[in-house]
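If you're wondering where the values come from, they're calculated on a predicted model, not measured in any experiment. Numbers here simply count residues along the sequence, with the first being 1.
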Amino acid sequence: MNLVILATLLICCVPDAKPCPASCDCSLLGHKGLQVDCSSRWLKEVPTLPDNTVLLYLQKNMLAGIEAGRFDRLHRLQRLDLSQNPLSCDCGIVYLKHWLDDNANVSVTGATCKGPASPETPTIITQLSGNEFAGCRSTNPIDCWGLLKI
């Protein structure tokens, strides 16, 4: 019982810590961070996740894309499971493509989408060239202050 109270205090009292999403189950992994299990919840979008998420399970949902910026604060993330989601190789996947390219150290399972060559054949998102998204708006906001500092 004392361990549960301690874990709750750690999660609640850490600066910038977000609570576990209502649609997910969270487990403390000692001092490493949280395991967040959002699998099999019929999710159509990824909920706001705690910054200290280490393991993230999103398999068996209804995710067609990932909202821009959704994973940007997950600096501790080590494992991500996106398997068995109806991800589409369209503009809704651009953010995930760039995020995966920038976070090659994260172990990712199931990062495949349908298309563009054949809607029936899964395509590994990291193998997309980026040319498939020529008509898409940029998902990365321009950091004007960062540009001025340079």
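Salt bridge status for Lys114 with Asp90: absent, with no side-chain N to carboxylate O gap under 4.0 Å.
Side-chain atoms of Arg76 never come within 3.5 Å of backbone atoms of Asn52 as a donor-acceptor pair (strictly under, hydrogens ignored). At least one donor-acceptor pair under 3.5 Å links the side chain of Asp81 to the backbone N or O of Ser83. Put simply, the side chain of Asn61 gets close to the backbone of Trp42: a donor and an acceptor are under 3.5 Å apart.
For the pair Leu58 and Cys38, the tightest heavy-atom approach, listed with the atom from each and the gap, is CD2-CB, 3.7 Å. Between Arg70 and Tyr95, the shortest heavy-atom distance links the atoms N-OH, 3.6 Å. Across Asn85 and Met62, no two heavy atoms sit closer than the pair OD1-N, 3.4 Å. In terms of heavy-atom proximity, Leu87 sits nearest to Ile93 at CD2-CD1, 3.8 Å. The nearest pair of heavy atoms linking Val54 to Leu77 is O-CD1, 3.3 Å. Closest approach of Leu55 to Thr53, counting heavy atoms only: O-CG2, 3.7 Å.
Note that the SG atom of Cys113 and the NZ atom of Lys97 stand 10.0 Å from one another [nearest 0.5 Å]. A distance of 5.0 Å separates CD of Gln35 from OG of Ser27, quoted to the nearest 0.5 Å. To the nearest 0.5 Å, the span separating CG on Leu128 from NE2 on His98 amounts to 10.5 Å.
Inter-residue side-chain proximity for Leu43 and Ser23 is flagged as met; some heavy-atom pair is nearer than 4.5 Å. Side-chain contact between Cys26 and Pro21 is present, with heavy atoms from C-beta onward closer than 4.5 Å. Contact of the Pro47 side chain with the Cys24 side chain is registered, since non-hydrogen atoms from C-beta on lie closer than 4.5 Å. A heavy-atom distance below 4.5 Å is not found between the side chains of Phe71 and Asn103. Side chains of Arg41 and Asp25 form a contact here, defined as non-hydrogen atoms less than 4.5 Å apart.
A search for ring-ring contact (aromatic ring centres under 6.0 Å, His included) contacts involving Phe133 returns nothing, not counting sequence neighbours. In terms of the side chain to side chain contact (heavy atoms under 4.5 Å, CB included) criterion, Asp102 has no residue partners (sequence neighbours excluded).
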Query raised in the report: Does the pair Thr112 and Ile125 meet the rule for a side-chain contact (heavy atoms from CB on, under 4.5 Å), with working shown?
Result: CA-CA 5 Å; Thr112 59; Ile125 294 171; 5.6 Å; no
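In the hydrophobic cluster analysis, where Ile, Leu, Val, Met, Phe, Trp and Tyr join through side-chain heavy atoms closer than 4.5 angstrom, Leu29 is grouped apart from Leu49. In the hydrophobic clustering of ILVMFWY residues, with side-chain heavy atoms under 4.5 Å counting as a link, Ile66 and Tyr57 come out apart.
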